[in-house]
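A quick write-up on the structure given underneath.
Quick note on labels: first sequence line is chain A, next is B, and so on, each numbered from 1. The basis for the numbers below is simple: all heavy atoms, side chains too, and nothing from hydrogens, waters or symmetry mates.
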Protein chains: 2
Amino acid sequence: MSRHAKSQVANKPRFDPLQNVKKGDAAYHAVRRSILLGHTQPGETFLEQRIAEQLNCSQGTVREVLLRLEQDGLVLRRGYRGTVVSTTSIQEAAQMVEIRIQIESTGARQSTMSIGRDILAELAAITNDMDEAVRNLDFYRCSELDRAFHMTLFHQAALPSLEPILNRCALHIHRFTYLNAEEMEPELSFGDNHRALLEVIQSRDPAAAAKSINSHIGHVIERWAPNLMEELNRIHKHESAPLR
Amino acid sequence: MSRHAKSQVANKPRFDPLQNVKKGDAAYHAVRRSILLGHTQPGETFLEQRIAEQLNCSQGTVREVLLRLEQDGLVLRRGYRGTVVSTTSIQEAAQMVEIRIQIESTGARQSTMSIGRDILAELAAITNDMDEAVRNLDFYRCSELDRAFHMTLFHQAALPSLEPILNRCALHIHRFTYLNAEEMEPELSFGDNHRALLEVIQSRDPAAAAKSINSHIGHVIERWAPNLMEELNRIHKHESAPLR
DNA sequence: CTGGTTATTATTATCGATATCAATAATGAA
DNA sequence: TTCATTATTGATATCGATAATAATAACCAG
C-alpha cells in the first residue's frame, strides 16, 4: 500500500478520495455555474464569508474563486464592499462574437493542418457526451461540453495565450444567450452541428474549415439568439467586416 | 485628527501612510513590471515563498498576485510545482493585434459620440506624463501610460466586459515588442501620435476616429516591431481582412 | 545490482485569526 | 436642531501556521 493511500485512510482525508479535485476548483465551478444559469442574477452581491459557509471552505479559498471570476468578467469586485455579478449587454455580446470568429477562424486554419487521429476521436467523444447531456436537458453541461469542444480544437492551433480570451468570449456568449433566450431546450442539432464540422476538418482544407466554423457559430446564434444576430448585422452595415 | 489617521500613528501602520495602496496591488505591479521588462525571462519560475520574502508580504498575498498574472496570460501556474513565466510567439502577437484593432475601432466609434471635455483633458494629461516618461527613458512607465491612454478612451465606449480583453492584448503586444526590439529608446513621437489622435476624436467623426486609431496602431508596430508588421501582412494575404 | 516501496524535501493549498477599511449610527457641543 | 466628530458594524485584506501534494532520495528484499 502506497504512503499516499495510507495517509488518506489514516488521518481523515479532507478531500473526497473518489474525485481528486482541488477544493478551490470545485468552489469555482459551483459559483460559476450559479452565475451562468442565472441562479444568481446580475446585480446580486456575493459575500466571501457567506459563500465560504455554503461551500464548506475558508474565506481565502472563496477569495481566490472570486478573483478568478472577476478575471472571467462574470463579477465585479468592489473592495471591502462585496462582489457583484456583472451583466453583458447585447453590444458587448456582439463584440465577443466578432472576437470569437476572428480567433476561431485562425485556429481552424492552423488546427486543420496539425490535427491527429487521437484528437479527432476526443472531439467525437465530447460530441457524444453532449448528446447525453441534451437527453438529460442539462444546459450547463451542454454549455461546458460545447466550450470543451471548441477549446480542444483550438488547442491544436498552438496559440496558447489566446485560449483564455477565446474561453472568456465563449463563456459570455453562452451566458448572454441563456439569460436572454425565450425557451432553452437543448436539442440534438447541437451534436449534429459539431459532427458536420468534424467532417470538414477531416478533409484537411484550411479555408473550408475556417469558413465552416464561422457558419457554425452563425447558425447557433441565429437559432438561439436571433436578436444578437440582428445586432451583428447592424454592426456589419456600418463597418463592412465579414461574419461568414 | 481623524480616527483613521490616529490609528495609523498609534498602532504601527502596516502600510505606507504616504501612498495608501493595497499591498497586493503593489506586489502585482512589481512582479508584472519585472516580467514586462524581461527582468525575469520566459521560462523562469516564481516560487510563492521567495517572492513573499522579496516583497515583504505573506504567501497568500503573492498567491493572489500570481493568480492575477495567470489571468493576464503572463505566467502559467503548474499546481504544486511553481509558476513559470510564459512566452508570446509572433503568431500570437499578430492575433492580439487583430483583436485589439477589432475592439479599439468599435471603441473609437462609440467613444467619439459620448466623450466629454473632462475626459479629453485627462487624455491630454496622460499624454503629457508620457512626454515626461520619454525624457526619463522610462520604458515601463511609457508602456503603462500608453495603456492608460487607450483604456481611458475605450472606457467611454461603455463596453466594460471588453476592457480586460483589450488590456490583456495591449499588455502582450507591449511585452512582445519590448522583448524583440533591437533598440528600445522611447521617443517623443509617442506623445505626438496621441495628440494627433485626440485632434481627430475632437472632430466627432466616428468613422474617421476608427480609421485614425487603426493607423495609429499600425504606425507604432511598423516603427517598433517591423517583423510583427510583416507577419500581419502575411496573414492578410490569406484571409483578406482589413488592417487599416 | 535492481526494482519497487518508503522517507525526505520543497512547494502549493487551505485554514483560522487578526488588521484594515468604508459606511453608517451614535454622540454631543454650538 | 444641526453638523462635525467619534464609535460601531459588517465586510475585505493580510498574515502565520498547518495540511496536502509531487518529485526525488534513501532504503532494502530478491
Side-chain angles (χ1 to χ4, degrees), chain A residues 1-31 44-71 75-85, chain B residues 1-31 44-71 75-85:
Chain A
M1 181 185 266
S2 81
R3 185 186 179 277
H4 178 204
K6 189 168 73 181
S7 88
Q8 280 209 334
V9 174
N11 16 315
K12 185 198 170 199
R14 295 216 294 198
F15 301 130
D16 186 0
L18 292 176
Q19 49 175 6
N20 193 7
V21 293
K22 284 197 279 280
K23 217 165 179 177
D25 289 345
Y28 170 72
H29 286 289
V31 178
E44 283 187 63
T45 85
F46 287 121
L47 303 185
E48 297 183 355
Q49 305 273 22
R50 186 134 63 87
I51 306 295
E53 274 180 42
Q54 292 174 1
L55 267 50
N56 256 85
C57 63
S58 77
Q59 185 207 353
T61 303
V62 172
R63 200 178 162 65
E64 203 176 283
V65 167
L66 295 179
L67 240 351
R68 280 211 256 170
L69 288 169
E70 180 180 41
Q71 298 291 352
V75 304
L76 211 67
R77 278 169 74 66
R78 310 170 303 175
Y80 295 110
R81 282 176 296 134
T83 299
V84 302
V85 178
Chain B
M1 183 186 264
S2 82
R3 183 186 179 276
H4 178 207
K6 188 168 75 180
S7 90
Q8 278 208 336
V9 174
N11 16 315
K12 185 197 172 199
R14 296 216 294 198
F15 302 130
D16 186 358
L18 291 176
Q19 49 175 5
N20 193 9
V21 294
K22 285 198 278 283
K23 217 165 178 177
D25 288 345
Y28 170 72
H29 287 289
V31 178
E44 284 187 62
T45 86
F46 287 121
L47 302 185
E48 298 182 355
Q49 304 274 22
R50 187 134 60 89
I51 306 294
E53 275 180 43
Q54 292 174 0
L55 267 51
N56 255 86
C57 63
S58 78
Q59 185 206 353
T61 302
V62 172
R63 202 178 161 64
E64 201 176 285
V65 167
L66 295 179
L67 239 349
R68 280 211 256 171
L69 288 169
E70 180 180 41
Q71 299 291 352
V75 304
L76 212 67
R77 277 168 75 66
R78 310 170 303 175
Y80 294 111
R81 284 178 295 134
T83 299
V84 303
V85 178

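- OP1 or OP2 of D:dA13 lies within a sub-4.0 Å distance of a side-chain N or O belonging to A:Arg77.
- Summarising the geometry, the separation between CZ on B:Arg78 and C1' on D:dA23 is reported as 12 Å, rounded to the nearest angstrom.
- Distance, B:Gln49 CD to D:dT18 C1': 12 Å, rounded to whole Å.
- At a threshold of 4.0 angstrom between heavy atoms, the contacts of A:Gly79 are confined to the sugar-phosphate backbone, with no base atom among them.
- Checking C:dT11, D:dG16, D:dA13 against the side-chain heavy atoms of A:Gln59 singles out D:dA13 as nearest.
- Across every non-hydrogen atom of B:Gly24 and B:Val65, the tightest pair is O-CG2, 3.6 Å.
- Each of A:Cys57 and B:Thr83 has a nearest nucleotide on DNA chain C; the 5'-most of these lies closest to B:Thr83.
- Between the P atom of D:dT12 and the CG atom of A:Leu66 lies a distance of 8 Å, rounded to the nearest Å.
- Atom CG in A:Asn56 sits about 13 Å away from atom C1' in C:dC15, given to the nearest Å.
- Comparing D:dA13, C:dC15, C:dT12 by their closest approach to the side chain of A:Ser58 singles out C:dC15.
- C:dT12 atom P lies 20 Å from atom NZ of A:Lys23, rounded to whole Å.
- OP1 or OP2 of C:dA13 has at least one side-chain nitrogen or oxygen of B:Arg63 nearer than 4.0 Å.
- The interatomic distance linking A:Asp25 (CG) with D:dA20 (C1') rounds to 14 Å, in whole Å.
- In this structure, A:Lys22 places its NZ atom 12 Å from P of C:dT12, rounding to the nearest Å.
- With hydrogens and angles disregarded, no donor-acceptor distance shorter than 3.5 Å links the side chain of B:Lys22 to the backbone of A:Gly79.
- Heavy atoms only, all atoms of each residue included: A:Leu47 and A:Gly82 are closest at CD2-CA, 4.3 Å.
- Rounded to an integer number of Å, the gap from OH of B:Tyr80 to P of D:dT24 is 17 Å.
- Within the 3.5 Å criterion, the main-chain N or O of B:Asn56 finds a donor-acceptor partner in the side chain of B:Lys23.
- At C:dC15, one or more side-chain N or O atoms of A:Thr61 fall inside 4.0 Å of OP1 or OP2 (strictly under the cut-off).
- Side-chain atoms of A:Glu64 lie closest to C:dT14 of the nucleotides D:dA13, D:dG16, C:dT14.
- Closest heavy-atom contact between B:Thr45 and B:Arg78: CG2-NH2, 4.1 Å.
- Contact annotation: B:Arg81 side-chain N/O to D:dA23 OP1/OP2 distance is under 4.0 Å.
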